[in-house]
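Below, chains carry the letters A, B, ... as their sequence lines are ordered, and counting in each starts from 1.
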Amino acid sequence: MKPHLRPLGWGAGKMALSRQHDMHKRRFSRNLGLGVVLAGFVVLVFLLTVAKVTDDGFEMQSQQTQEGN
Amino acid sequence: MSDASLNNTTQAQPYEAQFGDYFALLKPRVMTLVVFTAFVGLYAAPVSTNPIIGFVAILFIAVGGGASGALNMWWDSDIDRIMKRTQKRPIPSGKVTEGEAFAIGIALSGFAVVMLTLATNLLAGALLAFTIFFYVVIYSMWLKRWTPQNIVIGGAAGAFPPMIGWAAATGSISVESVLMFTLIFMWTPPHFWALALFMKGDYHEAGIPMLTVTHGRRSTRAHIIVYTILLAILAIGTAFTGVGGPLYLAVAIVLNAMFVKGSIDIWRRNEAMAEADGYSVEKKFFKLSLLYLFAHFGAIAFEAALAPFGLGGW
């Protein structure tokens, strides 16, 4: 798709700010980076939970709790 | 702020940092050392660790190390603007503000300590918290601008990662993990003093009391050789402990011979000789010091990797 290049501001003495301004690239990089980090963290917590609950020590603790009751 | 409002600001727009600028606050190159040595500490420990828990532990040790780097950049932004070596860091170059660096550093520090504690154990989390405190408060805020022994004592901060990795796996501190700590602790002074010799004016202009500034360059050269000899004794002695073995011993003998020779070469030179060849010997020693540390910890990891086949260790 052809990129939309129409400047947003046309007033005399005002800066023409196209959609491809460098600031937008930096902002996109920041948003993308944060998104990837957050998604990675969700996956990490899930994997960590699986690792913890399948651990032998975890089963022993739950058995102890049952015995206590 | 909307895009339309920016049209009215024709000058002095604040720079909007991209993701890489924030990532640079975490000192990625230092982080590679932290990741590697923490991994070796965890891997060489005499217990098996779930790979996912091991990965999470290394990741959050690295995040904690990176967070302390961000806090160091926040505190040292004034001198980073003066020193050539640090002028391109995110704060001096105007890409990230001091406040942002502080917020990221504090948030990631707490986050990393909590996550490491939950993933492994309280001792590992407490050691990580102490490492961050030591690097930011003891080294950056206190020692660095006060004493020429800044690097000697402050080097402890960079020496903790293998100990934290070991603690994450075993839940304890042992002779082996203390030896790995001491190896990095003793390696740090000659490594940084070699750097201080060829980054001539930087520390002087910034008013940092490095040994080169307070005691002179001749004395620094003498200090390098003394610390290198002590380091060599320690590094070769480590070969005969639980984390050592024949392979480690071979690597240690070769590299320590090269390192001691390098320190003697530095000691025999004066400033006129060094300036004449652009500090080539000092730069070579600095590069060798990087190889030195990676090779020693690589050999410890190899010994641990060979252990299941009955080949590692003595």
Side-chain angles (χ1 to χ4, degrees), chain A, chain B residues 1-26 28 47-63 66-67 90 93-96 100 103-104 107-108 111-112 114-121 168-171:
Chain A
M1 197 175 75
K2 195 174 176 183
H4 184 69
L5 293 170
R6 185 176 65 82
L8 295 173
W10 293 95
K14 290 179 182 173
M15 183 184 71
L17 186 65
S18 78
R19 285 191 185 276
Q20 288 199 331
H21 191 278
D22 189 45
M23 185 191 70
H24 290 103
K25 288 180 190 167
R26 291 199 297 266
R27 204 176 275 180
F28 176 72
S29 146
R30 219 167 53 198
N31 294 341
L32 181 70
L34 189 61
V36 169
V37 168
L38 289 175
F41 182 63
V42 169
V43 173
L44 202 71
V45 170
F46 174 71
L47 292 175
L48 188 60
T49 308
V50 171
K52 286 278 183 186
V53 297
T54 54
D55 190 66
D56 291 343
F58 182 82
E59 285 172 9
M60 263 171 57
Q61 278 182 357
S62 58
Q63 279 169 8
Q64 280 171 358
T65 310
Q66 283 172 0
E67 283 165 13
N69 292 333
Chain B
M1 183 169 29
S2 70
D3 290 344
S5 68
L6 279 173
N7 292 328
N8 297 325
T9 55
T10 53
Q11 45 181 281
Q13 283 184 58
Y15 179 91
E16 282 204 30
Q18 57 187 358
F19 188 74
D21 298 325
Y22 293 119
F23 185 67
L25 280 176
L26 309 183
V47 291
S48 64
T49 307
N50 183 306
I52 294 168
I53 294 176
F55 172 77
V56 171
I58 303 293
L59 179 69
F60 286 108
I61 294 170
V63 171
S93 60
K95 291 174 179 170
V96 175
E100 285 176 312
I104 288 171
L108 286 183
F111 181 66
V114 169
M115 285 305 297
L116 182 65
T117 306
L118 292 174
T120 61
N121 55 65
T170 63

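A:Leu32 does not touch chain B: none of its heavy atoms, backbone or side chain, sits under 4.5 Å away. With a threshold of 4.5 angstrom between heavy atoms, A:Val50 does not approach chain B through any atom at all.
Rounding to the nearest 0.5 Å places CD of B:Gln18 at 13.0 Å from CZ of A:Arg27. Atom-to-atom distance recorded for B:Tyr22:OH and A:Ser29:OG is 10.0 Å, nearest 0.5 angstrom. One finds the CZ atom of B:Phe19 at 16.0 Å from the CZ atom of A:Arg26 (value rounded to the nearest 0.5 Å).
When every heavy atom of A:Leu48 is checked against every heavy atom of B:Met115, the shortest pair comes out as CD2-CE, 4.3 Å.
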Let me have the donor-acceptor pairs involving side chains of residues 47-59 of chain B, under 3.5 Å, with sequence neighbours excluded, atom names and distances please.
unit_1  : atom_1 : unit_2  : atom_2 : d
B:Asn50 : OD1    : B:Ile52 : N      : 2.8

